[in-house]
Structures are given as structure tokens and as C-alpha cells.
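One structure below.
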Amino acid sequence: MLLSYREALNQAMREEMRRDQRIFLIGEEVGYYQGAFKVSKGFVEEFGPQRVVDTPITEAGFTGLAIGAAMAGLQPIVELMTMNFAIVALDQIVNNASKIRYMSGGQLSVPLVIRGPGSAAHQLGAQHSQSLEAWFCHVPGLKVVAPALPQDAKGLLKSAIRDQNPVVFIEAQLLYGTKGEVAEGDYTIPLGVADIKRPGDDVTVVAYSKMLLVALEAAEQLSRAGLNVEVIDPRTLKPLDLPTIVASVKKTGRLVIVEEGWRFCGLGAQIADSMYTAAFDYLDAPVVRVTGEDVPMPYSRPLEDAAIPDVPRVVAAVKSVCGVQ
Amino acid sequence: MAGMDRKDLLSLYYQMLLIRRFEEKSAEMYALAKIAGFLHLYIGEEAIAVGAIAALQPDDYAISAYRDHGHCLAKGSDPNKVMAELFGKATGLCKGKGGSMHLVDLANRFMGGYAIVGGHIPLAAGLAFATKYQQLNLVTVCFFGEGAVPSGQAHEAFNLAALWKLPVIFICENNRYGMGTPVHRAVALYENVAEAARSYGIRAERVDGMDVLAVRSLMQKVVEQVRAGQGPFFIEAMTYRFMGHSMADPSHGHYRTKDEVEEHRNRDPLLLLKETILTNNLCAESDFKQLEQEVSDVVAAAVKFADESPFPDTSTLHDDVMAEE
Ligand SMILES: Cc1ncc(C[n+]2csc(CCOP(=O)(O)OP(=O)(O)O)c2C)c(N)n1
């Protein structure tokens with residue numbers, strides 16, 4: 001069935017909420033407004049305001065409340081209107097959600113999903129255009145998921161909801177309207193399992209979320225130049241499926257990592273480091289990273305374009321790692 | 001009406017008209033894709049910025065949220081530079097890096113628009129802290145919506161301001177809706193939002209935010225007290241936004257009725273002031289015609305300036321991330 005990314009997420013939450021009374025959705029405008037990005041369309045009609053809870057603009061407060069509810073047996077889904085506002089709730093996410101199980105010696109769990117749109121859209125300015133996934137990945141006790149395709153979005157969100165840990169689930173805003181084939185009915189995709197979106201044997205490109213689409217487009221162009229690119233979508237950023245990436249690099253000998261987030265301490269640095277440990281002898285060239293520029297996102301269009309990886313930059317990086325002009 | 005000076009009143013009217021026509025033109029430019037990102041119009045609320053800032057000295061500070069065009073213009077910013085910023089041009093107030101939600105004009109002591117709800121309220125306390133520390137006898141005015149009042153950052157700032165008797169005036173622009181959420185669904189003290197400030201010992205008063213003269217006269221009294229060292233003040237200005245929350249929500253939305261909007265449009269702050277001026281025989285219709293012409297020329301010139309200005313060169317992408325040595 002052809003579904004938009006938005007509809008796929010809507011189905012995942014709807015089916016899970018039908019299955020389990022303990023699941024509720026909480027956040028700004030999730031109920032009567034049906035979600036700022038309409039992900040919870042039709043929810044308040046079906047589940048009522050007790051389970052589709054509109055909040056004031058109090059990210060720290062309602063995220064903390066959801067953590068407390070999770071400690072007491074509920075399964076909250078927190079919708080942040082955008083992931084930028086997770087920064088307001090960061091104390092709750094980092095100091096409470098991620099640590100409560102550990103600090104309690106395993107007595108308590110925080111089965112919770114914190115989801116919402118991340119990364120840049122079109123000229124939303126610095127405070128609304130951030131790719132913060134590396135921040136969350138840095139913290140022990142959190143899982144981080146960033147699906148690119150509707151099929152993955154549905155299966156991974158169901159797994160995230162059923163997971164007994166806090167999961168940060170990042171949906172790139174520009175993906176909501178994108179469409180793809182989605183299997184009917186109940187299926188899950190396990191967290192921590194990467195997917196080879198395009199097989200190839202000349203070079204491995206790892207890309208996630210919105211950047212997967214950029215990488216696939218680049219791979220398409222490169223195939224016309226005679227390069228056979230293997231594109232891997234980790235889908236879950238933490239835990240990261242290193243074995244799949246390592247196996248690919250052992251086959252191709254070359255690795256390019258594409259991420260929209262800032263370069264310094266970015267996710268690509270972690271993946272590159274892991275490759276040097278796990279597959280150094282197989283690498284025919286240094287790992288190349290294509291990343292967002294280390295600047296707050298500028299508003300102006302030409303500057304914004306210059307700050308975000310695009311197809312030509314990925315094409316150039318792949319050619320350089322392959323020693324092709 | 002005693003103490004009413006024709007020149008004075010016309011100046012207030014001129015400023016409100018400038019903001020109104022500037023924003024109507026911005027909406028047009030948004031439709032033509034000359035302006036991108038989020039654009040939140042202040043139409044209907046002009047009397048608050050204009051009335052409040054009229055009671056300030058030029059070197060007093062003002063700071064605002066993302067609905068900031070009105071405050072920036074009322075503080076004296078050049079409409080050309082404001083429009084150029086909305087266009088993302090190099091000649092904009094912030095060289096194209098800020099955009100609609102992040103206007104800053106240090107020369108006019110407009111300390112910025114900020115897109116994270118509640119996030120700028122502590123900054124206002126800090127500006128006031130600095131002026132007190134420097135013994136400058138200046139006041140800081142902080143504008144925000146009623147939707148920001150429940151946020152934790154607002155409360156922390158209220159407490160600090162009260163505790164340290166900071167010379168800050170909090171102006172809550174209560175337009176009754178935070179996006180699609182009416183105040184009674186977001187704020188426990190919705191019948192008297194000012195109670196939130198009073199609970200910290202901050203003196204507070206409510207004013208008709210459609211009446212520029214009422215706003216100005218309350219502000220004149222308040223500024224005098226605050227400047228005299230009596231500590232912070234909270235003003236709840238009752239207003240209404242005639243447009244949607246942003247250009248992404250351009251109509252009435254389903255959260256309020258057309259009739260309700262119409263009812264408030266009858267109390268348009270421009271109409272109210274015009275009526276006062278006409279009934280007191282301070283001006284003729286022809287004077288208003290002339291003002292319309294003046295403002296329309298200024299706005300047309302701003303659009304021309306913005307349109308003809310260059311986009312920032314991509315070589316400036318990394319400029320201004322850090323202060324130079
Ligand atoms: C921390 C945070 N949460 C959510 C948002 C999204 N958001 C932007 S404006 C807004 C409504 C704010 O309403 P109010 O403060 O009353 O101001 P108004 O728009 O009415 O002027 C929301 C929820 C945000 N920008 N920042």
C-alpha cells in the first residue's frame with residue numbers, strides 16, 4: 001500500500017494504541033489540532049482526550065510527567081512539536097529518562113518514546129533547524145531511531161513503542177510528505193538492524209534519515225558514471241548495526257558517511273572510528289565524511305543550501321574516495 | 001480629551017500603520033516566495049508594541065519572541081533592513097542569517113526575536129541585571145505570548161527578577177491562542193494570567209491591548225516606577241491576532257470561528273485610535289490619506305531595497321560563529 005511517511009507513523013501509533021490501553025500520546029497540539037504536522041490525525045476522535053493529551057508549552061514538564069507515568073506502568077509516546085524543543089526537555093531526557101533504570105539497579109524502567117520532526121526544512125532559522133541525533137546517541141541509556149522510508153518508519157515506531165527503554169525517534173520534517181510502499185497490517189522492524197537500500201561493490205555509503213534520499217540519488221548518478229555504490233541505512237543510530245556496515249566495507253574497501261548534523265563530534269566520526277578498529281586492513285582509502293557545516297543554520301537560502309549536504313557533494317565525496325575524477 | 005497632542009497621536013498612528021502595511025506586504029511577498037520559513041504576523045496587536053515602546057527612552061532595551069516585526073519596527077529599525085532580512089539578503093539587519101523570527105538591531109537596542117517559546121524571558125532578566133549592575137537607570141521590556149507563561153523558564157525568570165528587583169517589564173500579549181490552543185486549555189490561571197507574576201511578588205496590571213493610549217499611559221506610569229528602582233512589573237495586555245498563527249496557518253483555523261475574529265476586528269487598534277482622533281477634531285480624513293500614502297511609499301521602498309539587494313555570498317557561511325580575537 002502506498003503511504004506517506006506521515007500516514008505510516010499514524011498507522012503505527014493507531015494500531016499500537018488499539019492493541020494496548022497503557023499507551024497514550026502527549027504533547028502540544030496533538031489532540032484537537034491533530035498534530036502540528038498532522039501525524040495524529042483522527043486520534044482524539046478515536047481514543048479521546050484521556051489518551052491523546054494536549055499540553056501547554058511546557059516541554060520539560062510534560063516530558064518529565066511522561067517519564068513518571070512510564071515508571072508507574074504506562075507507555076507514553078511524547079510528541080515534541082519539533083526536536084529542537086527537546087533541548088528544553090533535555091534535563092528530563094538525559095538526567096532522568098536515560099538513567100533511572102541504571103540508578104535504580106534495574107528496579108525501574110522507562111518505556112517511553114519521544115518522537116518528533118528533526119533537522120532543517122526550508123529556511124526555518126537557526127533555532128528550528130537542528131540535527132541533534134548525535135547528542136542523544138552520546139547518552140548511555142537511550143535508543144535513537146531515525147527512519148527514512150515510510151515502511152521503516154511504521155515498523156520501527158512499533159518496535160520503539162514496544163521497547164521497554166526510552167527511545168528518541170527522529171522524523172525529518174521534510175520526509176512527512178514523501179511516499180513509499182508500506183506492508184499492510186501489523187509488522188515490526190527490530191531496533192538496531194541496518195538495511196542495505198541498494199547493493200553495490202565499489203564503495204559503501206552510510207546515510208540515514210533525509211540524507212538517505214540524497215545518498216540514493218547520488219548513487220543513481222554515480223551508477224551512470226560506472227560506480228556501483230552500496231547504500232546502507234542504519235535506521236537505528238543507537239544501537240548501531242556495525243556488523244552490517246563492516247561486512248559491506250570488507251566487500252567494497254571504501255566508506256563514505258553522510259549526515260546532516262554538525263561535523264564536530266558527529267555520528268560519522270563514531271562510525272569512522274569503529275571502522276578503523278573493525279576493518280582497517282580492508283580499507284583501500286581513508287573514510288570520508290560528508291556533513292552539515294559547523295554553523296548555526298542560517299536563514300538565507302543560499303547560505304542554508306551551503307550548510308547542508310546535497311547530491312553533488314556526496315557524488316564528489318564518493319568519486320574522491322574511489323580516486324575517480 | 002486632555003493632554004492630547006495631535007502630533008503625538010499621529011505619530012502613534014503612523015507607527016501602527018507602518019507595522020500593519022509592512023506585514024500585509026510581507027504576507028504578499030511570502031505568497032510570491034520572496035520570504036520563506038515561518039512568518040508570524042502581528043496584525044491586530046500593533047497597539048501593544050507601539051504603545052509600550054512609546055513610553056521608553058531610545059536606549060532602553062526591548063526583546064521579543066518570534067512574532068517580532070512590530071516590536072523591531074516600533075523600536076526604530078529601518079524598514080528597508082527589516083524587509084531585507086525577511087528576504088534573506090546580505091543587507092538585512094542580521095545579514096540574512098536571522099530571518100523573520102530572529103530580528104536583532106543592537107543600534108536601536110532591539111535585542112532580538114527568539115523562536116523557542118519562553119526561552120528569551122531569562123534573557124530579559126539578564127539585560128535588566130546588566131543595566132542595574134552598570135547603574136544605567138535603564139529599563140528592559142520583554143514581550144511574549146500568554147502561551148509562554150506556563151513555561152519553566154518564564155517562572156525562573158520571574159522569580160529572579162522579583163528576588164533581585166530587576167528593572168524589567170514583562171508584557172504578556174494575551175491574544176487568547178497559542179497556535180491552536182485557547183488560553184483556558186493551556187494556563188491554569190487563564191482568567192487572570194497576571195496571577196502567575198503576582199505569586200512571585202511582582203506587581204501586575206491588565207490593560208486593553210487594542211487601545212494604544214491605554215497601553216502607553218499604563219506604561220508611562222510603570223516605566224517611572226521601574227526606573228525608580230521598585231523592581232519588575234508584569235502587564236497583561238488583552239489583544240487578538242487577526243491572522244492565523246503563521247503563514248502555515250493563514251486562515252482562522254478550526255480552533256476559532258469567523259464570527260469571533262470579526263468581532264475582534266471591530267476593535268481594530270488602528271480604527272480605535274483613528275476614531276479618537278476624528279471625534280476630537282484633531283485631524284481630517286485627508287490627513288489620514290496622506291499618512292497612508294507616506295507609509296505605502298516607505299513599504300514599497302523597503303520591498304524594492306530588499307528585492308534589489310544581493311543574497312549573502314556563501315563565503316560568509318562561517319562568519320560570525322565566534323567572536324574574533
Ligand atoms: C519551546 C517551544 N515549544 C513549542 C514551540 C512551537 N510554538 C511556536 S509558537 C507557539 C504558540 C505560542 O503561543 P503564545 O506564546 O501565546 O504566542 P502567540 O503566538 O500567541 O503570539 C508554539 C507552540 C516553540 N517555538 N518553542
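Just so you know, these numbers come straight off a predicted model, no measurement behind them. Quick note: numbers below take in every heavy atom, side chains included, and nothing from hydrogens, waters or symmetry partners. Numbered from 1 within each chain, the chains take letters A, B, ... in sequence-line order.
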Region of [X] that comes under 4.5 Å of a non-hydrogen atom in chain A:
| X | answer |
| --- | --- |
| Phe87(B) | backbone |
| Asp320(B) | neither |
| Leu86(B) | backbone |
| Met101(B) | side chain |

In terms of heavy-atom pairs under 4.5 Å with chain B, which of Arg301(A), Glu293(A), Glu304(A), Met297(A) leads?
Glu293(A)
What residue in Thr82(A), Leu124(A), Thr55(A) has the most heavy-atom pairs under 4.5 Å with chain B?
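Of the candidates given, the most pairs with chain B belong to Leu124(A).
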Distance, nearest 0.5 Å, that separates CD of Gln123(A) from CD1 of Ile35(B)
10.5 Å
Supply the atom-to-atom distance His122(A) NE2 to Phe38(B) CZ, rounded to the nearest 0.5 angstrom.
12.0 Å
Hey, are the side chains of Ile57(A) and Ser151(B) touching, using non-hydrogen atoms and a 4.5 Å cut-off?
no
Looking at His102(B) versus Tyr299(A), is the centre-to-centre ring distance below 6.0 Å?
no
When you measure from the side chain of Gln127(A) to the backbone N and O of Ala115(B), does any donor-acceptor pair fall under 3.5 Å?
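Between the backbone of Ala115(B) and the side chain of Gln127(A) there is a qualifying donor-acceptor contact (under 3.5 Å).
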Polar side-chain atom of His254(B) near backbone of Tyr32(A) as donor-acceptor pair, under 3.5 Å
yes
Closest non-hydrogen contact found for Thr314(B) with Leu303(A) is CA-CD2, 3.8 Å
Hydrogens and angles aside, do Thr181(B) and Glu28(A) bring a side-chain donor and acceptor to less than 3.5 Å of each other?
no
NE2 (His318(B)) with more than 12 external heavy atoms under 6.0 Å
yes
